[in-house]
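Okay, structure first, notes after.
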Amino acid sequence: QVQLVESGGGLVQAGDSLRLSCAASGLTFSSYVMGWFRQAPGKEREFVAGISRGERVTRYADSVKGRVAISRDNAENTVWLQMNSLKPEDTAVYYCAARYSSVILTATSEYNYWGQGTQVTVSS
């Protein structure tokens with residue numbers, strides 16, 4: 001079955017960096033747009049970043065643009081989220097998601113598979 005397993009979260013201070021990883025299995029990874037979402041306590045899950053199947057097109061939420069970079073390696077079935085200059089408002093559970101399409105969309109309903117999430121906590 002399809003599995004998306006996130007790792008790399010943790011407790012950091014404001015201004016620090018983190019690199020999240022998502023290892024995928026059970027799907028033809030290169031056929032899927034990959035996305036990162038996050039959900040803070042009491043808030044809805046929101047789009048953070050997405051990357052096209054061919055690794056060349058990316059899309060970012062305005063709230064993280066310039067601080068975050070998404071990348072993938074189709075040979076390793078892995079997608080990463082490099083987060084720099086972290087802020088307390090970045091505190092959330094971060095989820096990896098896969099969408100069977102060539103178009104990066106931001107709605108959670110557009111994604112077919114989800115990981116269990118990894119907690120990122122940024123202290124001030």
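The chain is numbered in sequence order, starting from 1.
The CD atom of Gln82 sits 5.5 Å away from atom OG of Ser17, with the distance rounded to the nearest 0.5 Å. The CG atom of Leu4 lies 6.5 Å from the CG atom of Leu27; values are rounded to the nearest 0.5 Å. The OG atom of Ser124 sits 9.0 Å away from the CD atom of Gln13 when rounded to the nearest 0.5 Å.
Using modelled atom types, no side-chain atom of Thr28 and backbone atom of Ser30 make a donor-acceptor pair closer than 3.5 Å. Checked by atom type and distance alone, the side chain of Glu46 never pairs as donor or acceptor with a backbone atom of Arg38 at under 3.5 Å. Using a distance-only test at 3.5 Å, with no hydrogens or angles considered, a donor-acceptor pair links the side chain of Glu6 to the main chain of Gly117. The backbone N or O of Val12 sits less than 3.5 Å from a side-chain atom of Ser123, completing a donor-acceptor pair. The main-chain N or O of Glu89 is never found under 3.5 Å from a side-chain atom of Thr91 such that the two would form a donor-acceptor pair. A donor-acceptor pair under 3.5 Å is formed between the side chain of Arg99 and the backbone N or O of Glu110.
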Intermediate values then yes/no, side chain to side chain contact (heavy atoms under 4.5 Å, CB included), Asn84 and Val68:
CA-CA 6 Å; Asn84 302 318; Val68 162; over 6 Å; no
Would Asp90 and Arg67 satisfy side chain to side chain contact (heavy atoms under 4.5 Å, CB included), going step by step from the backbone distance to the final call?
CA-CA 11 Å; Asp90 293 319; Arg67 300 189 296 119; 2.7 Å; yes
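Side-chain contact check for Ile51 versus Arg59: every heavy-atom pair is 4.5 Å or farther apart. Taking the side chain as every heavy atom from C-beta outward, Met34 and Ile104 never approach each other to under 4.5 Å. Using a 4.5 Å heavy-atom threshold, the side chains of Val79 and Cys96 count as touching. Between Val33 and Val103, the closest side-chain pair of non-hydrogen atoms is not below 4.5 Å. With a 4.5 Å cut-off on side-chain heavy atoms, Val48 and Tyr60 do not count as touching. Contact of the Asp16 side chain with the Val122 side chain is not registered, since no non-hydrogen atoms from C-beta on lie closer than 4.5 Å. In this structure the side chain of Cys22 never reaches within 4.5 angstrom of the side chain of Trp80, judged on heavy atoms.
A salt bridge links Asp62 with Lys65: the distance from a Lys NZ or Arg NE/NH1/NH2 to an Asp or Glu carboxylate oxygen falls below 4.0 Å. With salt bridges taken as basic N to acidic carboxylate O contacts below 4.0 Å, none links Arg72 and Glu55.
Side-chain contact, Thr78 with Asp73: no donor N or O sits under 3.5 Å from an acceptor N or O.
Taking every heavy atom of both residues into account, Arg53 and Ser101 meet most closely at CD-O, 3.2 Å.
Here side chain to side chain donor-acceptor pair (under 3.5 Å) pairs that include residues 111-120, with residues two or more places apart or in two chains, are Gln119-Thr121.
The distance between the ring centers of Phe47 and Phe37 falls below 6.0 angstrom.
Under a hydrophobic clustering in which Ile, Leu, Val, Met, Phe, Trp and Tyr are joined whenever their side-chain heavy atoms come within less than 4.5 Å, directly or via other members, Ile70 and Tyr100 fall into the same cluster.
For the pair Arg45 and Tyr95, the cation-pi test (distance below 6.0 Å, angle within 45°) is passed.
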